[in-house]
Enquirer: 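Here you go, one structure.
Both counts, for ligands and for their atoms, begin at 1 and track the order of listing.
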Amino acid sequence: MLRFDIITIFPEFFHEAVDCGILRRARNAGLVEVTAHDLRQWTTDKHHVVDDRPFGGGDGMILKPEPIFAGVEALTGAGRKEDLPVKTRVILLSAQGQVFTQALAQDISENASHVILLCGRYEGVDERVADALVTDEISIGDYVLSGGEPAAMVVVDAVVRLLPGALGSDTSAVFESFSEGLLDHPQYTRPPEFRGMKVPEVLLSGNHAEIERWRKEAALEKTRRKRPDLLK
Ligand code: SAM
């Protein structure tokens, strides 16, 4: 069982997202548990303030460290990354983090049993969180989102579908894009001809060795054409 705890000021963002498709099935099968927690529950003041102005001046607000540290402490028993239980990862979603890849998703799915996802908002998160609490700082790409919630959902989705049994067949994820350093081969379904566009003959031949060879060559050609950087 892999446990995700998401710390956010918008827990409602996740309610429907975790309740459909493969993620819902994996939760029902007991492979994964996903809980979104409101950061405000770990504030100690009357108004549940989670943000404050940046030292040194400048625009916007910064998420304060105290409720985030308190939340991670409540969920893991540890207030510093060195003291985290084994197989626990504290991930900060951040435009400045390492870019999320299939290899990182694989690493988390194989090596973690408890993942805390910290969603930033406003101008970001007090740097002491990244310094002392976070094991992984992850970006989902070189662009800036309004908050870490969509990025947290991307991480949950990509990791869960790699858990054994999540896709219904243990081998389904093995041949997908990126898992072997290539894009997936082209896929077709019925009808065999649509508006004059025909499905490659070999896929209708029933010759499995020939189909396999065609798929390998087509995956290589597609990768060369669309993502030549993957071949380097
Ligand atoms: N001032 C920050 C900067 O320039 O790096 C951007 C803050 S952004 C408006 C607010 C929050 O959205 C961040 O704290 C982070 O949690 C999340 N976020 C923004 N872009 C992201 C990305 N590419 N990947 C993951 N999280 C992102």
Enquirer: Tell me whether Q96 has any N or O atom under 3.5 angstrom from an N or O of ligand 1.
Expert: yes
Enquirer: What's the shortest distance from atom 27 (C) of ligand 1 to any protein heavy atom, and which residue and atom give it?
Expert: A95 N, 3.7 Å
Enquirer: Please check this pair: side chain of T223 against backbone of L183, looking for a donor-acceptor N/O pair closer than 3.5 Å.
Expert: yes
Enquirer: Go through the steps to decide whether L31 and R25 satisfy the test side chain to side chain contact (heavy atoms under 4.5 Å, CB included), and finish with yes or no.
Expert: CA-CA 9 Å; L31 299 175; R25 210 175 56 202; over 6 Å; no
Enquirer: Output yes when the distance from some N or O of ligand 1 to some N or O of G141 is under 3.5 Å, and no in every other case.
Expert: yes
Enquirer: Ligand 1 versus S139, non-hydrogen atoms closer than 4.0 Å: side chain, backbone, both, neither?
Expert: both
Enquirer: Check whether any side-chain N or O of T135 sits under 3.5 Å from a backbone N or O of V90 as a donor-acceptor pair, and report yes or no.
Expert: yes
Enquirer: Could you pull out the closest heavy-atom pair between D184 and S177, with the gap in Å?
Expert: N-OG, 2.8 Å
Enquirer: Give the residue, atom name and distance (to 0.1 Å) of the protein heavy atom nearest atom 23 (N) of ligand 1.
Expert: Y143 O, 2.8 Å
Enquirer: Would you mind listing which atoms of ligand 1 come within a distance below 4.0 Å of any non-hydrogen atom of Y122?
Expert: 7 (C), 8 (S), 9 (C), 10 (C)
Enquirer: Do any nitrogen or oxygen atoms of I140 come within less than 3.5 Å of a nitrogen or oxygen of ligand 1?
Expert: yes
Enquirer: If we only count N/O pairs under 3.5 Å, is V144 in contact with ligand 1?
Expert: no
Enquirer: Report yes or no: do F4 and L163 belong to one cluster of Ile/Leu/Val/Met/Phe/Trp/Tyr joined by side chain heavy-atom distances under 4.5 Å?
Expert: yes
Enquirer: Which bit of I138 gets closer than 4.0 Å to ligand 1, counting heavy atoms only: side chain, backbone, both or neither?
Expert: backbone
Enquirer: Checking salt bridge (charged side-chain N to carboxylate O under 4.0 Å, His left out) for the pair D19/R27: CA distance, chi angles, key distance, verdict?
Expert: CA-CA 9 Å; D19 204 26; R27 289 172 60 226; 3.6 Å; yes
Enquirer: In plain terms, say whether R213 and E210 are close enough for a salt bridge, that is, a side-chain N and a carboxylate O under 4.0 Å apart.
Expert: yes
Enquirer: Can you find a heavy atom in the side chain of F14 that is under 4.5 Å from one in the side chain of C119?
Expert: yes
Enquirer: Nearest to atom 26 (N) of ligand 1, what protein heavy atom do you find, and at what distance?
Expert: S94 N, 3.3 Å
Enquirer: Atom 20 (N) of ligand 1: which protein heavy atom is closest, and how many Å away?
Expert: L145 N, 2.9 Å
Enquirer: Judged by non-hydrogen atoms, does F100 sit under 4.0 Å from ligand 1?
Expert: no
Enquirer: Would you find a donor on one side and an acceptor on the other, under 3.5 Å apart, between the side chain of R215 and the backbone of H185?
Expert: no
Enquirer: Between L92, I91, L93, which one has a non-hydrogen atom sitting closest to atom 16 (O) of ligand 1?
Expert: L93
Enquirer: Please determine whether residues L162 and M153 belong to a single hydrophobic cluster, defined as Ile, Leu, Val, Met, Phe, Trp and Tyr linked transitively by side-chain heavy-atom distances below 4.5 Å.
Expert: no
Enquirer: Could you find the nearest protein heavy atom to atom 1 (N) of ligand 1 and give me its residue, atom name and distance?
Expert: E123 O, 2.9 Å
Enquirer: With atoms numbered from 1 as shown, which atoms in ligand 1 lie under 4.0 angstrom from a non-hydrogen atom of A151?
Expert: 25 (C), 26 (N)
Enquirer: Using a 4.0 Å cut-off to any heavy atom of G148, which atoms of ligand 1 qualify?
Expert: 12 (O), 16 (O), 17 (C)
Enquirer: Short question: side chain of K81, backbone of R89 - any donor-acceptor pair under 3.5 Å?
Expert: no
Enquirer: Within the structure, does G124 bring an N/O atom to less than 3.5 angstrom of an N/O atom in ligand 1?
Expert: no
